[in-house]
Amino acid sequence: MIEVNHLTKRFGAVAALQDISFQVETGSIFGLVGSNGAGKSTFLRTAAGIYRPDEGWVAIDGYKPFENTAVKGSLCFVPDYPFFPRTATLEDMAALFSHTYPHWDGGRFQQLCACFPLDKKQRILNMSKGMQRQAAILCALGACPTHLLLDEIFDGLDPVMRQLLKRILSGEVSERGMTVVIASHNLRELEDVCDHVGLFHRGGVVFDKELDELKLGIRRVQAVFRPMPGEEAFAGLDIVKRKTQGSLVDLVVRGSQEEVLEKIQALSPVFCEFLPLTLEEVFISEMEAAGYDIDNILP
């Protein structure tokens with residue numbers, strides 16, 4: 001488990017993280033979203049023990065990671081721009097990791113190498129950005145960490161590699177109980193793999209919730225009316241967003257599907273159907289309901 005308690009991290013006069021608190025449960029995949037400068041990368045570096053908190057703390061299974069070799073031996077952090085020595089090959093990195101991480105599994109590393117089209121003898125810095133990211137992922141997974149922290153990990157990967165990575169991460173979580181935190185701008189990618197999500201904005205946490213809870217509490221419905229009911233007819237619905245185009249009404253509402261359907265049917269629509277909401281649509285609705293200007297949060 002990752003526990004975050006009133007965590008604050010400053011760089012000069014700028015608070016990159018400001019009094020944030022939340023938890024990441026063991027064996028879960030937690031997605032961090034937010035705009036540039038929201039504090040996602042700073043949080044990952046603090047959780048990895050690279051930065052020392054200015055106030056509050058973050059703990060990995062009850063232990064603070066900063067200058068704690070035992071904790072750092074059980075977690076891996078893959079940054080947005082992974083670092084490799086100038087002449088290092090994938091084989092060199094595997095040798096380095098095998099002497100650094102106590103749970104390194106050479107057999108597992110070789111199995112994973114068979115899934116990724118990388119030349120283990122080629123200099124990593126001569127590879128493309130996406131291939132360098134794959135090399136960093138291979139090394140991190142070969143270390144068999146209990147906690148894996150990933151920053152914009154899908155950036156630069158082609159669709160096939162993204163799907164492969166999702167399957168591997170899901171397998172590691174289900175088979176070994178690994179805990180994964182992924183910071184990303186790509187809500188669509190997170191929707192496929194995460195079971196919890198947290199929204200960072202200006203160094204704070206707007207909310208963190210289970211993905212199913214987010215989606216079950218809000219839904220989208222389209223209905224056609226002839227004639228169109230007056231405004232007062234929709235007063236019984238907890239409407240987050242409403243758009244009317246001719247005789248078509250597009251609603252994002254809170255409540256159970258049965259409750260919403262009963263109230264819509266009472267208005268005698270010509271046609272009515274529920275549509276799935278994407279994670280991005282759910283986030284936008286949640287932020288608007290919380291009074292945030294979405295144009296200043298999501299890119």
For [Y], does its backbone N or O pair with a side-chain atom of [X] as donor and acceptor, under 3.5 Å?
X	Y	result
Asp92	Thr89	yes
Arg226	Pro269	no
Thr42	Gly39	no
Glu3	Gln23	no
Arg176	Pro145	yes
Arg162	Leu157	yes
Arg133	Glu152	yes
Asp61	Met1	yes
Ser174	Gly171	yes
Asp195	Ile29	yes

So Gln222 and Phe271, side chain to side chain contact (heavy atoms under 4.5 Å, CB included) or not? Walk me through it.
CA-CA 8 Å; Gln222 287 186 340; Phe271 171 79; 5.5 Å; no
Please tell me if the side chains of [X] and [Y] come closer than 4.5 Å, counting only heavy atoms from C-beta onward.
X	Y	value
Ser41	Asp80	no
His147	Cys76	no
Val71	Lys64	no
Cys113	Leu118	no
Thr46	Phe66	no
Met228	Val249	yes
Leu165	Met161	no
Leu199	Leu32	no

Hydrophobic clusters here meaning ILVMFWY residues chained together by side-chain heavy-atom distances under 4.5 Å, can you tell me if [X] and [Y] are in one?
X	Y	value
Phe84	Phe116	yes
Val224	Leu261	no
Val160	Leu164	yes
Ile264	Val252	no
Leu44	Phe11	yes

Check this for me: does any side-chain nitrogen of one of [X] and [Y] sit under 4.0 Å from a carboxylate oxygen of the other?
X	Y	value
Asp155	Lys129	yes
Glu259	Arg219	no
Asp250	Arg220	yes

Indicate whether the side chain of Asp19 and that of Thr8 have a donor and an acceptor atom separated by less than 3.5 Å.
no
Paired with Ile153, the side-chain contact (heavy atoms from CB on, under 4.5 Å) test is passed by just one of Leu148, Val180, Leu169, Ile182, namely Ile182
Identify the residue among Ser98, Cys139, Pro82 that makes a side-chain contact (heavy atoms from CB on, under 4.5 Å) with Met93.
Cys139
Of the non-hydrogen atoms in [X] and [Y], which two are nearest, and what is the gap between them?
X	Y	result
Val260	Arg254	CG2-O, 4.0 Å
Pro102	Gly73	CD-O, 3.5 Å
Gly27	Thr179	N-OG1, 3.0 Å
Lys263	Leu267	O-CG, 3.6 Å
Leu7	Pro53	CD1-CB, 3.4 Å
Ala140	Phe97	N-CE2, 4.1 Å

Using the side chain to side chain contact (heavy atoms under 4.5 Å, CB included) rule, take Lys241 and Leu251 through it: C-alpha gap first, then chi angles, then the decisive distance, then the call.
CA-CA 6 Å; Lys241 181 182 292 186; Leu251 300 170; over 6 Å; no
A cation-pi test, strictly: NZ or CZ of Lys40 under 6.0 Å from the centre of the six-membered ring of Phe200 and no more than 45 degrees from its axis. Yes or no?
no
Test the Lys72-Tyr101 pair against the cation-pi criterion, namely NZ or CZ under 6.0 angstrom from the six-membered ring centroid and within 45° of the ring axis.
no
Passes side chain to side chain contact (heavy atoms under 4.5 Å, CB included), Leu190 versus Phe30? Steps please.
CA-CA 9 Å; Leu190 293 181; Phe30 191 97; over 6 Å; no
With sequence neighbours excluded, give me every ring pair (Phe, Tyr, Trp, His ring centres under 6.0 Å) pair touching residues 231-263.
Phe225-Phe234
Mind checking the CD1-CG spacing from Ile60 to Asn68? Nearest 0.5 Å is all I need.
10.0 Å
To the closest 0.5 Å, what do you measure between CE (Met178) and OG (Ser74)?
12.0 Å
Partner residues of Thr146 under the side-chain hydrogen bond (donor to acceptor under 3.5 Å, both in side chains) criterion, sequence neighbours left out:
none
Classify the ring geometry between Phe22 and Phe43 as parallel (under 30°), tilted (30 to 60°) or perpendicular (over 60°).
tilted
Please report whether the ring centroid of Trp104 lies less than 6.0 Å from that of Phe109.
yes
Option passing salt bridge (Lys or Arg N to Asp or Glu O under 4.0 Å) with Glu91 (candidates Lys120, Arg123, Lys121)
Lys121
I'd like to know whether Cys272 forms a side chain to side chain contact (heavy atoms under 4.5 Å, CB included) with Val221, so could you lay out the CA-CA distance, the side-chain angles of the two residues, the decisive distance to 0.1 Å, and finally the verdict.
CA-CA 7 Å; Cys272 176; Val221 58; 3.7 Å; yes
Using the rule given for salt bridge (Lys or Arg N to Asp or Glu O under 4.0 Å), can you reason through Glu231 versus Arg242, listing the C-alpha separation, both sets of side-chain angles and the distance that settles it, and then say yes or no?
CA-CA 11 Å; Glu231 293 289 331; Arg242 174 181 171 182; 2.9 Å; yes
